[in-house]
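Computation of the quantities below employed the complete heavy-atom set of this structure, encompassing side-chain atoms and omitting hydrogens, waters and symmetry-equivalent molecules.
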Amino acid sequence: MGGVSTFRFWMYRIGYVGVGSTCILVSIIPFDLSANTLPYPDIFYCFTMIYIVRRPEYVPVWAVFFVFFLRDILTQAPLGLFTFLVIMASEVVRANIQAFREYNFWLEWLWVAAIFIVIMVVQQTILALTLSDMPQLMENILPILLTVLAYPAIVGLVQYGFGLQRPQPGELDAWGKRL
Amino acid sequence: MAVQNHSDVYFRRIVRRILVSALLVFVFLTFLIWRIDNPRAERFRMAVIDKVVPSLEWAITPLSHVSNMIADAQSYSRIYQQNQELRRELQQMKAWKEAAIQLEQKNAKLLDLNNVKLNPKLTFTTGVILADSGSPFRQSALINIGRHDGVLDGWAAMDGLGLLGRISGVGKNSSRVLFLTDRSSRIPVEVTPSGQKAILAGDNTPLPPLEFVDGVDQIRAGDRVFTTGDGGVFPPGLLAGTAVFSGDGRLRVKLAADYRRLEFLRVIRHSPSAPISEPDELVGTTLPGQMIVSE
């Protein structure tokens with residue numbers, strides 16, 4: 001029950017929400033309002049996956065819900081759809097966390113890319129089924145591709161900038177439990 | 001002890017599963033409500049934005065200033081070339097200014113001769129852009145005037161020269177401007193001088209296409225596109241842009257408004273003239289109460 005590790009634990013949680021809010025803030029800066037700007041990777045989406053794959057206990061469900069729902073509201077997205085899918089994906093990873101721990105980086109990347117693509121396809125399908133206004137497939141594929149490509153860079157940033165590593169074998173969590 | 005610990009973990013896992021399921025159901029219901037009762041959900045969204053975004057101004061303003069400064073610094077590299085261009089443009093502008101002054105005087109004389117009364121209802125309020133839509137799929141912006149300043153849904157927004165879009169979503173202190181380039185934007189327009197009516201339909205590109213044009217062959221590149229005011233939502237006669245033909249032969253509009261360096265915009269106050277639904281009221285004997293309507 002070390003005080004230091006509880007502090008670290010909450011710092012990482014707050015850090016997660018802080019990075020999420022900053023990403024939303026940066027995305028709504030009115031810089032260039034002309035249409036057809038270049039697509040960019042969804043950095044926070046990557047960030048969430050990296051956090052969950054490495055340390056699921058730092059990404060509680062309520063934090064994912066809070067940040068992604070706020071983002072849905074502020075970016076005029078279909079209210080709640082993307083939040084729903086991201087929570088779903090995060091729970092799938094959480095349930096299979098032991099398997100993810102044993103993967104090497106390339107396998108992890110492959111799986112996360114698969115999750116990104118499945119989410120995109122499911123999102124398009126639900127939007128089509130509910131006859132909602134939806135982005136064209138090409139407009140969707142390019143950012144997802146960029147997001148997948150940006151994944152290793154953000155992994156590097158998170159591991160060396162935030163010091164977030166995969167747990168070592170035999171490491172204990174804040175409550176002294178084996179991970 | 002160990003057994004109790006185990007059952008404790010088991011219990012917590014079940015509670016967690018129930019809570020997560022409830023959260024998922026809640027989020028998906030939100031999506032369904034958004035889909036079914038869209039206006040209400042969008043009002044909720046606007047109310048949240050109205051609370052959140054103006055309070056973030058302290059963070060957004062410096063960040064956007066920094067990004068503008070970076071863009072300005074980039075443009076210094078070709079400052080000489082820009083200077084030359086500006087001089088040439090200024091020369092042309094002087095000629096136009098002269099022409100405009102002459103026309104204005106002539107126009108004033110003619111109006112005076114005819115005793116014309118122009119529509120005085122088109123006044124405007126100026127707003128500052130607070131935030132972007134935050135998504136590459138949606139073209140809109142948040143401005144700092146809202147219901148408090150009398151802004152209504154459907155009013156037109158312009159920069160100094162051309163039409164930008166319309167108000168779509170009004171909060172107490174902020175409102176959203178849906179740009180002409182957004183995929184869900186549809187504005188009735190008229191191409192002058194041929195007088196062809198069309199719909200300016202945004203498609204997320206910088207040059208939105210004109211749809212439902214009668215005689216495409218009567219339109220030439222460079223013809224000017226104005227709003228018509230059909231449907232009674234938009235004030236007529238606002239400049240949207242000039243017609244161009246794109247590479248694939250489609251008729252598109254090069255917008256007059258400059259979206260790239262947008263900071264301020266004008267919201268045109270517009271109350272559509274009262275519709276004439278019953279003709280006999282106009283022709284028949286006017287009662288004292290109807291005097292107000294006919295004036």
Side-chain angles (χ1 to χ4, degrees), chain A residues 21-40 42 60-62 64-66 68-88 90-91 94-95 123 126-127 129-136 139-140 142-143 146 175 177, chain B residues 9 16 19-20 23-24 26-36 41-42 44-45 48-49 52-53 56 59-60 63-64 67-68 71 129-142 164 169 176 179-184 202-208 255 258-263:
Chain A
S21 315
T22 314
C23 285
I24 297 175
L25 197 68
V26 169
S27 76
I28 63 171
I29 289 178
F31 175 48
D32 184 351
L33 294 164
S34 56
N36 212 9
T37 44
L38 290 171
Y40 45 83
D42 191 341
V61 174
W62 53 262
V64 177
F65 166 74
F66 174 75
F68 277 93
F69 201 62
L70 189 67
R71 198 172 86 156
D72 271 355
I73 289 176
L74 289 183
T75 60
Q76 304 290 297
L79 218 53
L81 179 59
F82 195 62
T83 315
F84 175 76
L85 294 171
V86 171
I87 293 178
M88 206 87 131
S90 77
E91 286 304 300
R94 218 185 284 269
Q123 188 183 16
I126 293 180
L127 285 177
L129 283 178
T130 53
L131 305 174
S132 309
D133 179 35
M134 60 182 192
Q136 280 161 3
E139 284 179 347
N140 239 334
L142 220 52
L146 287 174
W175 288 281
K177 221 161 59 197
Chain B
V9 168
R16 186 177 184 282
L19 287 179
V20 169
L23 186 65
L24 282 173
F26 168 75
V27 176
F28 198 71
L29 273 180
T30 317
F31 169 66
L32 286 183
I33 290 171
W34 172 82
R35 189 63 203 118
I36 294 164
E42 289 298 335
F44 160 74
R45 189 207 295 271
V48 174
I49 289 176
V52 175
V53 176
L56 290 177
I60 296 178
L63 281 174
S64 61
S67 59
N68 278 334
I129 291 193
L130 286 180
D132 189 354
S133 72
S135 154
F137 308 135
R138 291 175 183 81
Q139 308 299 328
S140 66
L142 209 68
L164 283 168
R176 183 165 291 279
F179 290 150
L180 297 178
T181 47
D182 189 272
R183 199 187 301 287
S184 54
D203 67 345
N204 215 1
T205 62
L207 302 174
L255 296 172
D258 180 15
Y259 286 92
R260 305 208 66 176
R261 306 298 293 277
L262 206 57
E263 216 174 319

Engaged part of [X] at the chain A interface, taking heavy atoms whose separation is under 4.5 Å:
X: A41(B); value: both
X: L23(B); value: side chain
X: L130(B); value: backbone
X: R260(B); value: both

- Query: In chain order, what residues pass the side chain to side chain contact (heavy atoms under 4.5 Å, CB included) check against T30(B), with sequence neighbours excluded?
  - Reply: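 For T30(B) the side chain to side chain contact (heavy atoms under 4.5 Å, CB included) partners, ignoring immediate neighbours, are F69(A), L79(A), F26(B).
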- Query: What residues, two or more places apart in sequence or in another chain, satisfy side chain to side chain contact (heavy atoms under 4.5 Å, CB included) together with E263(B)?
  - Reply: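 E263(B): no side chain to side chain contact (heavy atoms under 4.5 Å, CB included) contacts found.
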- Calculate, to the nearest 0.5 Å, the distance between atoms CG and CZ belonging to L127(A) and F31(B) respectively.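 Output value for this atom pair is 5.5 Å.
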- Item | Euclidean distance, Q76(A) CD relative to I49(B) CD1, rounded to 0.5 Å | 5.0 Å
- Note on the structure: Closest heavy-atom pair, L74(A) versus R176(B), reported as atoms and distance to 0.1 Å, is O-NH2, 4.0 Å
- Message: I need the minimum non-hydrogen distance between R45(B) and A77(A), along with the two atoms involved.
- Response: NH2-O, 2.7 Å
- Item | chain B contact via D72(A) - which portion, at a heavy-atom distance below 4.5 Å |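 Backbone only.
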- Is it the side chain or the backbone of E91(A) that comes within 4.5 Å of chain B heavy atoms, both, or neither?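 Side chain of E91(A) only, per the 4.5 Å heavy-atom cut-off to chain B.
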- Item | Heavy-atom pair count under 4.5 Å with chain A, highest-scoring of V53(B), L63(B), L207(B) |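 Maximum pair count with chain A is reached by L63(B).
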- Leading residue by heavy atom contact count with chain A [cutoff under 4.5 Å; candidates D203(B), I60(B), T181(B)]: I60(B)
- Item | Pair V61(A)-R16(B), side-chain contact (heavy atoms from CB on, under 4.5 Å): steps then yes or no | CA-CA 10 Å; V61(A) 174; R16(B) 186 177 184 282; 3.1 Å; yes
- Message: Show, in sequence, the C-alpha distance, side-chain angles and deciding distance for V27(B) and M88(A), and conclude whether the side-chain contact (heavy atoms from CB on, under 4.5 Å) test is met.
- Response: CA-CA 11 Å; V27(B) 176; M88(A) 206 87 131; over 6 Å; no
With a 4.5 Å cut-off on heavy-atom pairs, point out which of [options] contacts chain B the most.
options: T130(A), N140(A), L25(A); value: T130(A)
options: I126(A), T83(A), I29(A), L85(A); value: I29(A)
options: I24(A), L131(A), V26(A); value: L131(A)

